[in-house]
Amino acid sequence: MSVGHVARALEEAKIATVIIAVKSFETRMRMMSLPRVLLTPQLLGRPMGSPFDENLQINILNAALQLLEKANQNGIVQDYYNTDTIKAFTNEK
Amino acid sequence: MEREERTESFESFIKSFFYGKRSDLSFKFMSDLTLNDASNFIQALFKDTMDSLDDGDFSRVKQRMLQGQIQGYKEQKNFEYDKGPFHPLEKPVSELKLSLLTSSGHFLKAFDPKPLGVENMTQKQAENRVFDFLKEEPQLSDIPFDSMPKDLKVRHGGYDIRAAVKDPNVSFPYQRMVELKEQGVIKALTSSAYSFVGACSQKRLLKKTLPDWVKNFIDQGTDAVILVPV
């Protein structure tokens, strides 16, 4: 919620923002009416994925930049998906 | 030798992961589950662990953890706003001056913010005093984008920092942002990236701290900021 307040203050000052948050934070992110939120299917404390997964880190940042560019109104909350996630969901029993 | 007391309740067991005797911030969400959901989660995690040991595919363990954490945080509600501000991007990403701000609690070893006035506070001390942090104004750490990971430290009483200790980029992706600039994906970065401990007084953040932080970004001609909560 601290970062949500930072986002709101920056947007009011005409600085665009995009938040990269773990999926677990979805409820609290949506409740704060934030401009742009990218939700990653990652564990708490690891919003950009596992240590040293540089490709994933770059891919998530690129997805965040795309969201930054494409969003045209407040309240855009988007899920980030990649092939690893699809594999994980496939394995779900 | 006396036998260990064996009368602990299951409720006490799951709550002990939330700043209790088994404190583990990756599992503190269990205290927000019903007893039935918590027992189902633990049982399923054991099963997934065994299956993963058999075939070497640990993605199901990660997926189980994700589901548990999502379930635990689902009902957590704090600040609610009906509407919010939105500033559209005024130029393409390739022409942006970007910055990074995270609530991950990273700082340069040479500039320890000394939270609560404590010198060289350990992660354990930060966890033990997390409720004191929640009363304090946050301190922003200035971390130049050309800093080496070995010069960084992370400390935050609200989340499991183990991954962030190994690689700061898991919650403070400053090195990847430098690469995006080098690749020409973005035009420029502010001189520094920024981090603070998100477990702080929201009242003080809103009334006292944020105006200065916003002014700092305006003064640097920042077009957009990537924000990462933990």
Side-chain angles (χ1 to χ4, degrees), chain A residues 1-29 31-35 41-54 57-58 60-62 64-66 68-69 71-75 84 87-89 91-93, chain B residues 25-26 57 59-60 62-63 65-66 69-70 72-89 92-93 101 103 138 159-161 163-164 166-167 169-171 173 176-177 179-180 185-186 198 200 202 205-206 210 213-214 217-218 222-230:
Chain A
M1 58 193 169
S2 298
V3 163
H5 283 136
V6 176
R8 291 173 63 90
L10 287 170
E11 295 278 340
E12 280 169 3
K14 302 192 183 309
I15 296 175
T17 63
V18 57
I19 293 176
I20 301 171
V22 293
K23 179 78 173 169
S24 302
F25 289 168
E26 181 169 3
T27 302
R28 56 172 71 176
M29 292 285 122
M31 290 184 72
M32 291 190 79
S33 295
L34 298 167
Q42 304 298 331
L43 299 175
L44 292 164
R46 301 149 173 83
M48 306 297 294
S50 300
F52 310 111
D53 191 344
E54 296 181 8
Q57 292 166 2
I58 279 283
I60 290 172
L61 280 177
N62 275 317
L65 292 175
Q66 282 178 23
L68 189 63
E69 200 165 48
N72 56 7
Q73 61 179 25
N74 177 279
D84 289 342
K87 189 179 174 191
F89 277 109
N91 284 330
E92 177 54 28
K93 298 288 189 289
Chain B
L25 302 186
S26 276
D57 179 3
S59 62
R60 62 168 73 81
K62 178 179 177 182
Q63 191 59 22
M65 284 287 297
L66 265 174
Q69 291 181 347
I70 289 169
Y73 275 71
K74 197 167 53 182
E75 299 303 323
Q76 283 200 4
K77 294 168 182 166
N78 292 296
F79 289 85
E80 184 168 11
Y81 301 103
D82 291 334
K83 55 185 179 180
F86 176 80
H87 180 65
L89 212 56
V93 163
L101 187 149
S103 60
Y159 78 100
D160 178 353
I161 64 164
K166 293 168 191 156
D167 175 11
N169 295 284
V170 302
S171 53
R176 300 294 86 76
M177 287 184 66
E179 290 166 13
L180 289 177
V185 175
I186 54 175
C200 63
Q202 297 304 299
L205 173 70
L206 287 165
L210 271 175
W213 292 7
V214 171
F217 285 120
I218 292 172
T222 314
D223 295 304
V225 183
I226 290 181
L227 301 165
V228 186
V230 292

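Quick note: numbers below take in every heavy atom, side chains included, and nothing from hydrogens, waters or symmetry partners. Chain letters run A, B, ... following the sequence lines, proteins first and then strands; every chain starts at 1.
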Novice: Could you state the interatomic distance from OG (A/S2) to CG (B/L210), rounded to the nearest 0.5 Å?
Specialist: 9.0 Å

Novice: Is A/I15 close to B/I218 at the side-chain level, that is, under 4.5 Å between some pair of heavy atoms?
Specialist: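 They are in contact (side-chain heavy atoms under 4.5 Å apart), so the answer is yes.
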
Novice: Checking heavy atoms, do the side chain of B/L205, its backbone, both or neither come under 4.5 Å from chain A?
Specialist: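 Just the side chain, heavy atoms under 4.5 Å.
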
Novice: Looking at every non-hydrogen atom in both residues, tell me the closest pair between A/L68 and B/A224 and how far apart they are.
Specialist: CD2-CB, 3.7 Å

Novice: Counting only non-hydrogen atoms closer than 4.5 Å, does B/F86 touch chain A with its backbone (N, CA, C, O), its side chain (CB onward), both, or neither?
Specialist: both

Novice: Does any backbone or side-chain atom of B/L206 lie under 4.5 Å from a heavy atom of chain A? Answer side chain, backbone, both or neither.
Specialist: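 Just the side chain, heavy atoms under 4.5 Å.
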
Novice: For the residue pair A/H5 and B/F79, does the interplanar ring angle fall in the parallel (under 30°), tilted (30 to 60°) or perpendicular (over 60°) class?
Specialist: perpendicular

Novice: Is it the side chain or the backbone of B/P138 that comes within 4.5 Å of chain A heavy atoms, both, or neither?
Specialist: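 The answer is neither part of B/P138.
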
Novice: When you measure from the side chain of A/E11 to the backbone N and O of B/H87, does any donor-acceptor pair fall under 3.5 Å?
Specialist: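 Checking the backbone N and O of B/H87 against the side chain of A/E11, a donor-acceptor pair under 3.5 Å is found.
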
Novice: Find the one option among B/V170, B/V225, B/D223 whose heavy-atom pairs under 4.5 Å with chain A are most numerous.
Specialist: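 Greatest number of close heavy-atom pairs with chain A: B/V170.
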
Novice: Please report the shortest heavy-atom distance between A/A16 and B/L89, naming the atom on each side.
Specialist: CB-CD1, 3.8 Å

Novice: Side-chain contact, heavy-atom cut-off 4.5 Å: B/P229 with A/M1?
Specialist: no

Novice: Which heavy atom of B/P92 sits nearest a heavy atom of A/E69, and at what distance?
Specialist: CA-OE2, 3.3 Å

Novice: Any non-hydrogen side-chain atom of A/L10 less than 4.5 Å from a side-chain atom of B/T222?
Specialist: no

Novice: Please flag which part of B/V228 lies under 4.5 Å from any non-hydrogen atom of chain A: side chain, backbone, both or neither.
Specialist: both

Novice: Is A/V6 close to chain B through its backbone or its side chain, or both, or neither, when contacts mean heavy atoms under 4.5 Å?
Specialist: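 For A/V6, the contact with chain B is made by backbone and side chain together.
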
Novice: For A/Q66, which atoms come within 4.5 Å of any heavy atom of chain B: side chain, backbone, both, or neither?
Specialist: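 Neither the backbone nor the side chain of A/Q66 comes within 4.5 Å of chain B.
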
Novice: Could you tell me if the side chain of B/S171 sits less than 4.5 Å from the side chain of A/M48, heavy atoms only?
Specialist: no

Novice: Any sub-3.5 Å donor-acceptor pair from A/T27's side-chain atoms to B/K74's backbone N or O?
Specialist: yes

Novice: Among B/M65, B/E80, B/M177, B/E179, which residue forms the greatest number of heavy-atom pairs with chain A at distances under 4.5 Å?
Specialist: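 Max contact count across the listed options: B/E80.
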
Novice: Counting N and O atoms only, with roles assigned by atom type, does the side chain of B/D160 sit under 3.5 Å from a partner on the main chain of A/G45, one being a donor and the other an acceptor?
Specialist: no

Novice: Can you find a heavy atom in the side chain of A/E54 that is under 4.5 Å from one in the side chain of B/P173?
Specialist: no

Novice: Decide yes or no for A/N62 and B/L180: does some side-chain heavy atom of the first lie under 4.5 Å from some side-chain heavy atom of the second?
Specialist: yes

Novice: Could you pull out the closest heavy-atom pair between A/A13 and B/V214, with the gap in Å?
Specialist: CB-CG1, 3.4 Å

Novice: What's the verdict on side-chain contact (heavy atoms from CB on, under 4.5 Å) for B/I70 and A/E26, showing C-alpha distance, side-chain angles and the deciding distance?
Specialist: CA-CA 8 Å; B/I70 289 169; A/E26 181 169 3; over 6 Å; no

Novice: What are the two closest heavy atoms between A/P41 and B/L66, and how far apart are they?
Specialist: O-CD1, 3.2 Å

Novice: I would like to know whether A/Q42 and B/K62 meet side chain to side chain donor-acceptor pair (under 3.5 Å); could you show each step before the answer?
Specialist: CA-CA 8 Å; A/Q42 304 298 331; B/K62 178 179 177 182; 2.6 Å; yes

Novice: Could you tell me whether A/R8 sits above the aromatic face of B/Y81, with NZ or CZ closer than 6.0 angstrom to the six-membered ring centre and within 45 degrees of the axis?
Specialist: yes

Novice: What are the two closest heavy atoms between B/P85 and A/P35, and how far apart are they?
Specialist: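 Looking at all heavy atoms of both residues, the closest pair is O-CB, 4.0 Å.
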
Novice: Would you compute the distance between atom CG of B/N169 and atom CD1 of A/I60 and round it to the nearest 0.5 angstrom?
Specialist: 11.5 Å

Novice: Select one option (side chain, backbone, both, neither) describing which atoms of A/F52 are under 4.5 Å from chain B's heavy atoms.
Specialist: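 Contact with chain B is through both the backbone and side chain of A/F52.
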
Novice: Would you say that A/L65 contacts B/I186 through its side chain, given a criterion of any heavy-atom pair below 4.5 Å between the two side chains?
Specialist: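 Yes. Closest side-chain heavy atoms under 4.5 Å.
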
Novice: Taking the side chain as every heavy atom from C-beta outward, state whether A/L43 and B/Q69 have any atom pair closer than 4.5 Å.
Specialist: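 In short, these two side chains touch, coming nearer than 4.5 Å.
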
